[in-house]
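Here the structure comes first, spelled out in C-alpha cells, and everything after it is commentary.
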Amino acid sequence: MSKSLPSRAENYSEWYNELVKRADLAENSAVRGCMIIKPYGYSIWEKMQRALDDMFKETGHTNAYFPLFIPKSFLSKEASHVEGFAKECAVVTHYRLKNDPNGGGVIVDPDAKLEEELIVRPTSETLIWSSYKNWIQSYRDLPLLINQWANVVRWEMRTRLFLRTAEFLWQEGHTAHATKKEAIDETEQMLEIYAEFAETFMAMPVLKGIKTANERFAGAEETYCIEALMQDGKALQAGTSHFLGQNFAKAFDVKFLSKENKLDYVWGTSWGVSTRLMGALIMAHSDDQGLVLPPKLAPIQVVIVPIYKGDEQLNLIKEKIDPLVKALKKQGVSVKFDISENQSPGFKFAEYELKGVPIRLAIGNRDIENGTIELARRDTREKMSLPFDGIEQVVVDTLHDIQEKIYAKAFAFRESNTHEVNTWEEFQTKIEAGGFLSAHWDGTPETEEKIKELTKATIRCIPLGVKKEVGKCVLTGEPSEHRVIFARTY
RNA sequence: CGGGGUGUAGCGUAGCCCGGUAUCGCGCUUGGUUUGGGACCAAGAGGUCGUAGGUUCGAAUCCUGCCACCCCGACCA
C-alpha cells in the first residue's frame, strides 16, 4: 500500500474512494452496490444518529419500527410514488431454497413461490400509511409523530460508498396532521432540524430551499431540501423533508373526524437523512492527508502519543497522562492514550491524521523535563509546544475552536463558489468551474430539462426566503420573479 | 443499462504479446535492536493467478461465457 493518498486535485473521486477505505470507514461487499460499514465509520454514524434522534425526541417524535417487506400491491396505491420507485425495487418472489439435484449448490425452490411478491422497502410511506389507516379515527389521534431508523434498498445502477449504495441506513419520519398548515409547519420544522444538525454538528453549511417539480419526491406536493457544496464544486443533497398533502391519506383511505364532526383526510409529511451524510461529512472537510472530522462527531477527539525509550520513561509519561485522560473524560472528551508498542510515533501521527482525529498530543522525555506537551490540530496541521499545566482547558477550548474553524472554512468555500450569473454565456463558463450558480429561470420544466441537457446542471433548489427580483431566464429570456440555484450534483 | 478499462497472497504489482505451476515491495508471524513525522536486521508463514468452460501433453498466458471493480454517459437520497 502506498503511503500517501491520491490528491484531490489529481483525481477527486479516487481520493474519496481511497480515503473511505484507508480511514477504515467502509468497504465494498460481495453484493454489488452494498457496503460494509466498518467499526470506525459506524461509530461516526452512531454519533450522527444520537444527535439527530435527540433533536427528533425534543420536538415530540417517537421511534417505531415497520417491516422490511412491503406487499407489492401497496406500492401501486399512490400513482406517482410507484412511478418514482418502481425501477429500482428489489423483489422477493420465493421463500425457500433447496439442494440442486444437478449439482452441489442450492437453487430457488420453484414450489415455494409467493402468492404476492414482496418489495424490499425503498421507503416506507405505503406500509406506514396502511397502518395509519387503523391508528387514526379522530382529531384526538393527531398529530401522529413517528420516526424510524431503518435500512432501505434502492437498486441503483451506479453506486459509490456512502454517496449512493443499493442498501443504505437512514431515518424516515412519517407524520399525520389534522390541518394543512400544521403539516407544512412540521415539514419546515424538520428541515430546520436538518439544517441545524448539518451546521452545528457536521460543521457543514447548507442551503435550505424547495425543489422544483422535476426534482420533487414521488408522491409529495412539496419537497424541501438542504443542499451542501462539496470541495470539487458539486452539490450534494443532504436531506429532504416532504409535504405530502393528502396524497397518501387518499391512497390509503386515512380519514379522521374533526372537532366539528366532519370527516376529512389527514395531512402528511415525511422526512429523511441517510448514511449519505457520511459522504458529505468526508467530502466537506477532508484534505490530502486524510479525514478531517468535526470534534462533535469524531469518535476519538484527542489522541495522546507517548515518545519514549524503555519502560522507565513510559512510566514517567503514564504518571502525567493518566490523570489528564481522566480529567478530559470527566469533561466529556473522548481520549485515546495510544501506548501500543508495535508502531513508531511517526506512524501513529500519520495514522491518526488519516482518521481525522481533531487533536493529537505528543509527550516525550524532553517534555517531561521541560514541563511541556506538544499539541497538533488536525484542521490546520499546526503544532505547538505548550506548558503541561493547564493543557486540559486548552484541549477543550481547541476542540471548540476546530469545530468553528472548519465550519467557517467550509462556509467561505461555499461563498467564494457561489455566483450570480445573468447571461447564458456566463452560465456555461461558470458551471465548468463548479459551485452554485444563482440565476433566473422561467419556471418551466422544459427549460430546466434543456439546461440539464446542455450543461449537466440541475436546479438544486429555490432558496427559502428568496428575494423577489425582476429578471429574465438565463436560457430563454422569458420573465422570472426570482433566482434559483443551479449546480452539478452527485 | 450503453461505451472504455482492469482483475495475479491482506494491499500494491511483474510475468501474458511469444504456453512449461509465479516476481518484487508493503503488511503479517517470531527474535533482537529502535522510537520527537510512516524505523532497522534476521528468520518465517501466506497463491484454486476473479469465475466457469474450451483449445493443448501442458494455461496466469490463447479462445468463449459469466461475475466484480474503476472511468465516462442515462437513472437516483
Side-chain angles (χ1 to χ4, degrees), chain A residues 1-6 11-14 16-18 21-22 27-35 83-89 103 105 122-123 151-172 194 211 214-218 223 225-228 235-242 270-280 289-290 305-310 313-314 317 338-354 360-370 372-374 376 381 383 385 452-453 456 458 489-490:
Chain A
M1 195 197 296
S2 76
K3 280 172 184 171
S4 62
L5 225 44
N11 187 339
Y12 193 83
S13 52
E14 198 184 323
Y16 174 83
N17 280 325
E18 281 295 307
K21 285 176 196 159
R22 293 212 209 158
E27 61 189 28
N28 285 306
S29 77
V31 180
R32 174 190 158 76
C34 293
M35 72 176 159
E83 203 186 308
F85 287 104
K87 285 171 288 181
E88 49 189 37
C89 285
T123 177
N151 58 337
V152 288
V153 169
R154 296 184 190 173
W155 215 263
E156 299 289 351
M157 291 303 161
R158 214 175 135 188
T159 59
R160 292 188 70 190
L161 293 168
F162 290 117
L163 296 174
R164 188 179 300 107
T165 45
E167 178 195 19
F168 56 94
L169 305 185
W170 76 344
Q171 59 68 218
E172 47 181 329
Y194 288 155
K211 287 291 186 195
N214 275 358
E215 302 273 328
R216 196 178 289 152
F217 175 75
T223 288
C225 63
I226 51 171
E227 294 282 330
L236 186 75
Q237 180 173 305
T240 47
S241 183
H242 314 291
S270 69
W271 28 274
V273 293
S274 71
T275 35
R276 173 181 260 198
L277 287 181
M278 292 285 295
Q289 273 68 46
V305 178
I307 299 155
Y308 59 96
K309 295 186 177 81
Q313 284 189 9
L314 178 60
I317 292 169
D338 187 353
I339 55 169
S340 62
E341 290 169 53
N342 48 347
Q343 285 146 346
S344 68
F347 182 91
K348 290 176 184 174
F349 291 175
E351 187 65 15
Y352 289 112
E353 271 175 17
L354 180 63
R360 179 185 74 235
L361 297 173
I363 184 164
N365 198 37
R366 210 161 69 198
D367 296 294
I368 298 285
E369 280 169 11
N370 301 335
T372 56
I373 189 164
E374 185 186 84
R381 302 186 78 227
K383 282 196 296 195
S385 184
K452 186 180 177 183
E453 265 171 45
K456 295 180 208 157
T458 51
T489 69
Y490 276 94

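Order of the sequence lines fixes the chain letters, A, B, ..., with proteins taken first and strands second; residue numbering starts at 1 for each chain.
Taking the side-chain contact (heavy atoms from CB on, under 4.5 Å) definition, one finds that A:E453 meets it with A:E449, A:K450, sequence neighbours left out. Under the salt bridge (charged side-chain N to carboxylate O under 4.0 Å, His left out) criterion, A:R216 pairs with A:E222, sequence neighbours left out. By the side-chain contact (heavy atoms from CB on, under 4.5 Å) test, A:K309 pairs with A:Q313, sequence neighbours left out. Listed by chain and residue number, nothing satisfies the salt bridge (charged side-chain N to carboxylate O under 4.0 Å, His left out) test with A:R160 (two or more places apart in sequence, or in another chain). For A:W170, the ring pair (Phe, Tyr, Trp, His ring centres under 6.0 Å) criterion is met by A:F168, not counting sequence neighbours. In this structure, the side-chain contact (heavy atoms from CB on, under 4.5 Å) partners of A:E353, at least two apart in sequence or on a different chain, are A:Q289, A:R360, A:R378, A:R381. With sequence neighbours left out, the salt bridge (charged side-chain N to carboxylate O under 4.0 Å, His left out) criterion links A:E156 to no other residue. Scored by the side chain to side chain donor-acceptor pair (under 3.5 Å) test, A:Y12 finds no partners at all (sequence neighbours excluded).
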Sort me out a list of protein N/O and nucleotides 31-36 of chain B N/O pairs below 3.5 Å, or just none if empty.
residue	atom	partner	partner atom	Å
B:rG36	O6	A:G364	O	3.4
B:rG36	O6	A:N365	N	3.3
B:rG36	O6	A:R366	N	2.7
B:rG36	O6	A:D367	N	3.2
B:rG36	O6	A:D367	OD2	3.4
B:rG36	N1	A:D367	OD2	2.4
B:rG36	N2	A:D367	OD2	3.1

Under 3.5 Å between N/O atoms: give me all the protein pairs with nucleotides 1-7 of chain B, atom names plus distance.
none

TODO: For RNA chain B, produce a single dot-bracket line, 5' to 3'. Pairs: Watson-Crick or G-U wobble, both distances under 3.5 Å. Symbols: ( ) within strand, [ ] crossing, | other strand, . unpaired.
DONE: ((((((((.[[[..)....(...]]].((((((.....)))))).....[[[[[..)....]]]]])))))))....
I'd like a table of donor-acceptor pairs (distance under 3.5 Å, sequence neighbours excluded) in which one partner is a side-chain atom from residues 362-369 of chain A, with atom names and distances.
residue	atom	partner	partner atom	Å
A:D367	OD1	A:T372	OG1	2.7
A:D367	OD2	A:G364	N	3.0

